[in-house]
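Chain letters run A, B, ... following the sequence lines, proteins first and then strands; every chain starts at 1.
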Amino acid sequence: MTPSTHPPAHSPFLQGLNPKQLEAVTLPPEPALILAGAGSGKTRVLTTRIAWLIATGQTSPLGVLAVTFTNKAAREMMGRLSAMLPINLKGMWVGTFHGLCNRLLRAHHKDAALPATFQILDSQDQLAAIKRLMKSVGENPENDAQKPKELQRFINGFKERGMRPQAITSADSYNQKFIELYQLYEDQCQREGVVDFGELLLRSVELLSRNTALRDHYRSRFQHVLVDEFQDTNPLQYLWLKALSTPETGLFAVGDDDQSIYAFRGADVANMRRFEREFAVQHLIKLEQNYRSHGHILEAANQLIANNQGRMGKNLWTDAGVGDPIRVMEAPSDLMESSFIVEDIRALIQEGYSRDEIAILYRSNAQSRVIEQSLFNAGIAYKVYGGLRFFERAEIKHALAYLRLMENPHEDTAFLRVVNFPMRGIGARSIEMLADEAKRQGSSLYTASGLLDGKAGTAIRGFVQTIESLRFETQGLTLPRLVETMLERSQLIAHYEKDREGRERIENLRELITAAAAFMVELGQPADFPATAQADADTMSPLAAFLSHASLEAGDNQAGEGERAVQLMTVHAAKGLEFKAVYVTGLEEGLFPHQQSADDPDGLEEERRLMYVAITRARERLSISLAQTRMLHGQTRYNMRSRFLDELPEGCLKWLSPKRSHRSVVGEAWDTPRMGGYSAGGGHPPAHLGNAGFGTVGVARPPALASAKGHESGFAVGQRVGHARFGEGVVTGFEGAGPDAKIQVSFRQAGSKWLALSVVKLEAL
DNA sequence: TAATTAGCAATTTTT
DNA sequence: TTGCTAATTA
């Protein structure tokens, strides 16, 4: 199709788009890959294209499939669309991969070999199911507690690649046992009528490839398939997209290979190249104009990411000015790093910055503690993102388990969760007997309870009776009333009332009623619609929908007071957000880039992308900091300056502390010997930036320093050493003095270890 | 059955 | 150091 044959570009939505954005929005319905840099108006392009396609009559709302990763992004898209289009968006397929798969599988549950009431396991539930499985096959005893988590990773890893147990060859895995357990896990899920997250996708892909009539139905319906954050898709999601599209589908993928930071959970940037190749993409458009950050910030981001190999290639630019330089601060300790940041934030607030326009980013959650402490002491409101979410709380999961059993009594995970919670005298012994019976019958625990005699049977049947009568009593009730009745009859609230630490839990349980009411509004159902009734054959009952919602959207996860608060989060959590002022902390080797990623080139590139994401969050003011010493796992660590700092262009930086010419705190054995290293033992501590305006915060105890000559032990940081048991390694630090002195060695095989110098026998290599 | 203690690991995380 | 889980004890 040539540009002249597809509809002209007049539409009110198109105003204000830059030429590249306009080109992307109005592309013909052919496979297209939009490389959308940070802050380049990605979401706007995506939503405007949908609006334009519909408004110009090229497709109907039902002809569009738009998929994202998070519910938040999906809601954002919906919000923008409804602002642009005066149409009913209800029937539109806009959502997350998992949400849309759920929708598909509910509509075709028979073809997918699932019960209508199938339940979704979140990661917690999945792990519980795996533990139970391992126990049932006698797989648990002396094995370490990591095993279930390992198996979970194993299963999810293969599902993410679209592989069933049968598809795994010995080349894929050395562990035959895991393959068997994977199969048993699948059997168990099937028996109970539950699906995990990966299964939602995999089942959908298999359904579509098996049932060609169904596949063709959806293929002809969805003339346009739009994908957000394409760089984060895993191979299975790629297969899903492939299953839903033909060469005629307007497959419109938007992503940024430089912002791919989820490889650890299966994302594969290679999907971008694969898409380009397999779909013979003729339209590759780069959105490089950035509307977010000042020049210095972008320049630094560009220079940093240029160190990665195999990029698709992209350079952000702005027509805003260069702005302030990036401020860099090397503090003597993590404590002083945070007090520097807090002092700086105080000044920003004075200047008129709103607290919620300020973010502090870190590589790992453990770093937040010190920062929180400083903010707390300074009396600055802050909000930490991360941690338990609403639907993940124990009391909420308990309540949901009751609801799930009302829907699908054969879900043993839910059954076991609440069969004796609150306590009703059903102990481990009774449950064991029940499990044996269920195994004999090949049935669910719920079914088996009818066959169990003796005291155990009576007690368990009492529980089953509770569920049954609950189901009976709540007929015709609205969702909030149903939840309320469940809380009453299950005695959950009564149980927590007896607990003197149960107040918050009760509040949360009451909040669940509110959440149910809010959910009805979201559904657009009348408030008096019965919870277990279906509006039509293709629609889930409010209760079923609510349970899906609870599994697929765990809710908010912020803690902290108030609205206008300084935002604390990991760099991962910051993706997609922007702030006027950003502090990126902990630019230290071993932390950022993280130790576990540093040895592997791919891992290192992902860390670099992470830093790229961090930098590009800032609009006006970016500060980067590091600490020479950091308390980690109860021990003081001496870290080198991150290599990423040295990859930033000097011209964009302003050092607030004296910049060291070398990266190591503890001497230069690493580099070529040079004069001026800090001397060991009796020497003075490094000139700890007392001149940077926060010299009063206290002086850190000087680290046990080693000079170019080395530590008192005769070893030096960076030196290669050998150990009889651990093999070859590199000295990475020292701690303490005299008989307590310890040496840190990073062994090639055994990893990093702290060893007592008085004991350990190391050989210099 | 609850409560205490010991042991142990320790990026990043959405669905 | 912390935070979690499993094991042990009252």
Side-chain angles (χ1 to χ4, degrees), chain A residues 67-74 95-102 120-127 131 140-149 153 156 159-160 195-202 204 229 232-234 236-237 260-267 334 361-370 373 385-389 391-392 394 420-429 498-499 501 548-555 557 569-576 586 590-598 603 606-607 609-611 613-614 630-637 751-752:
Chain A
V67 64
T68 65
F69 276 86
T70 65
N71 292 293
K72 196 176 158 204
T96 64
F97 280 102
H98 295 85
L100 296 178
C101 284
N102 184 40
I120 300 166
L121 301 184
D122 68 14
S123 312
Q124 269 183 50
D125 302 331
Q126 185 190 33
L127 188 62
K131 281 182 179 167
N140 67 318
E142 73 283 5
N143 290 332
D144 58 326
Q146 281 303 83
K147 239 351 192 349
K149 279 203 173 119
R153 277 193 72 81
N156 291 340
K159 283 198 183 181
E160 275 154 11
V195 296
D196 58 43
F197 288 138
E199 188 70 22
L200 282 170
L201 265 299
L202 186 49
S204 302
E229 307 276 18
D232 286 334
T233 51
N234 64 34
L236 182 55
Q237 286 157 336
S260 170
I261 55 173
Y262 285 111
F264 68 92
R265 64 176 201 221
D334 48 355
L361 309 184
Y362 34 80
R363 174 67 243 266
S364 63
N365 289 115
Q367 285 169 256
S368 76
R369 176 163 288 112
V370 201
Q373 194 70 255
Y385 289 77
L388 260 202
R389 294 143 119 249
F391 286 112
E392 290 168 356
N420 197 34
F421 193 96
M423 279 183 298
R424 34 179 88 80
I426 301 168
R429 288 281 311 282
K498 280 181 262 165
D499 186 340
E501 273 144 41
S548 283
H549 167 82
S551 298
L552 293 175
E553 187 164 7
N557 64 345
M569 65 190 83
T570 63
V571 181
H572 280 94
K575 197 174 91 155
L591 190 61
F592 201 176
H594 197 273
Q595 196 70 58
Q596 271 97 309
S597 310
E606 176 135 324
E607 295 285 314
R609 291 193 289 268
L610 202 48
M611 183 63 189
V613 168
R630 184 176 294 278
M631 197 66 147
L632 197 64
H633 312 325
Q635 279 188 313
T636 307
R637 303 282 302 261
S752 188

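- The distance from atom NE2 of H572(A) to atom C1' of dT15(B) is 16 Å, rounded to the nearest whole Å.
- Between the base of dT15(B) and the side chain of S123(A) there is a donor-acceptor pair shorter than 3.5 Å.
- Residue contacts shown for F69(A) are limited to sugar-phosphate atoms, with no base heavy atom under 4.0 Å away.
- Using a 4.0 Å heavy-atom cutoff across all strands shown, F97(A) reaches no nucleic acid atom at all.
- Residue order along DNA chain B, read from the 5' end via each residue's closest nucleotide, puts M423(A) first among E553(A) and M423(A).
- The C1' atoms of dG3(C) and dT14(B) are separated by 23 Å, rounded to the nearest whole Å.
- Remark: side-chain polar atoms of Q237(A) are not paired, donor with acceptor, to backbone N or O of F97(A) under 3.5 angstrom.
- When distances run from any side-chain atom of R369(A) to the nucleotides dT2(C), dT12(B), dT1(C), the shortest one goes to dT2(C).
- By the neighbour-count criterion of 12 heavy atoms within 6.0 Å, atom CZ of R153(A) is sparsely surrounded, having that number or fewer from other residues, nucleotides or ligands.
- A salt bridge links D232(A) to K575(A): one of the charged nitrogens lies within less than 4.0 Å of a carboxylate oxygen.
- Atom CD in Q596(A) sits roughly 14 Å away from atom P in dA9(B) (whole-Å rounding).
- Straight-line distance from the CD atom of Q126(A) to the P atom of dT14(B): 16 Å, rounded to whole Å.
- Side-chain atoms of R363(A) never come within 3.5 Å of backbone atoms of L591(A) as a donor-acceptor pair (strictly under, hydrogens ignored).
- Spacing between atom CG of N234(A) and atom C1' of dT13(B) amounts to 13 Å, rounded to whole angstrom units.
- The glycosidic torsion of dT5(B) lies more than 90° away from 0, which places this base in the anti conformation.
- Spacing between atom CE of M569(A) and atom C1' of dT11(B) amounts to 17 Å, rounded to whole angstrom units.
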Symbol by symbol from the 5' end, with Watson-Crick or G-U pairs under 3.5 Å, [ ] crossing and | another strand, DNA chain B is ||||||||||.....
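- Annotation: ring-ring contact (aromatic ring centres under 6.0 Å, His included) contacts of Y362(A) (sequence neighbours excluded): none.
- The nearest whole Å value for the distance from the NZ atom in K147(A) to the P atom in dC8(B) is 17 Å.
- Atom C1' of dT12(B) sits at a distance of 22 Å from the matching atom of dT5(C), rounded to the whole Å.
- In the set dT15(B), dA6(C), dT1(B), the nucleotide with an atom closest to the side chain of L552(A) is dT15(B).
- Partners of T68(A) under the side-chain contact (heavy atoms from CB on, under 4.5 Å) rule, at least two apart in sequence or in another chain, are A73(A), A74(A), M77(A), T96(A), D228(A).
- The minimum heavy-atom distance between D125(A) and I120(A), with the atom names listed, is OD2-O, 4.0 Å.
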Please write out each protein N/O paired with an N/O of nucleotides 8-10 of chain C under 3.5 Å, distance rounded to 0.1 Å.
none

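- Shown here are the ring-ring contact (aromatic ring centres under 6.0 Å, His included) partners of F197(A), two or more places apart in sequence or in another chain: H98(A).
- dG3(C) atom C1' lies 12 Å from atom CG of L388(A), rounded to whole Å.
- At the heavy-atom level, E607(A) lies under 4.0 Å from base atoms of the strands shown.
- Nearest to the side chain of S364(A), among dT13(B), dT14(B), dT11(B), sits dT11(B).
- Closest to the R389(A) side chain, of the nucleotides dG3(C), dT15(B), dA6(C), is dT15(B).
- Which of dT1(B), dT15(B), dA10(B) sits closest to the side chain of F197(A) comes down to dT15(B).
- Between N71(A) and dT14(B) there is no side-chain polar atom (N or O) within less than 4.0 angstrom of OP1 or OP2.
- In this structure, CG on L610(A) lies 8.5 Å from OH on Y262(A), to the nearest 0.5 angstrom.
- dT11(B) has H594(A) stacked on its base ring, the centres lying under 5.5 angstrom apart and the planes within 30 degrees of parallel.
- If you measure from atom CD of Q124(A) to atom C1' of dC4(C), you get 13 Å, rounded to the nearest angstrom.
- Considering only the side chain of R265(A), dT14(B) comes nearest among dT12(B), dT11(B), dT14(B).
- Residues satisfying the side-chain contact (heavy atoms from CB on, under 4.5 Å) criterion with S597(A), sequence neighbours excluded, are H594(A), E607(A).
- Between the side chain of N156(A) and the main chain of G198(A), no donor-acceptor pair closer than 3.5 Å is present.
- Between N365(A) and dT13(B), a side-chain N or O to OP1/OP2 separation shorter than 4.0 Å is present.
- A close approach under 4.0 Å does occur between a side-chain nitrogen or oxygen of T570(A) and OP1 or OP2 of dT13(B).
- Note that OH of Y385(A) and OG1 of T570(A) are 12.0 Å apart. Values are rounded to the nearest 0.5 Å.
- Both L610(A) and R424(A) lie near DNA chain B, and the one whose nearest nucleotide falls closer to the 5' end is R424(A).
- Among the nucleotides dT15(B), dT11(B), dT13(B), the one closest to the side chain of S597(A) is dT11(B).
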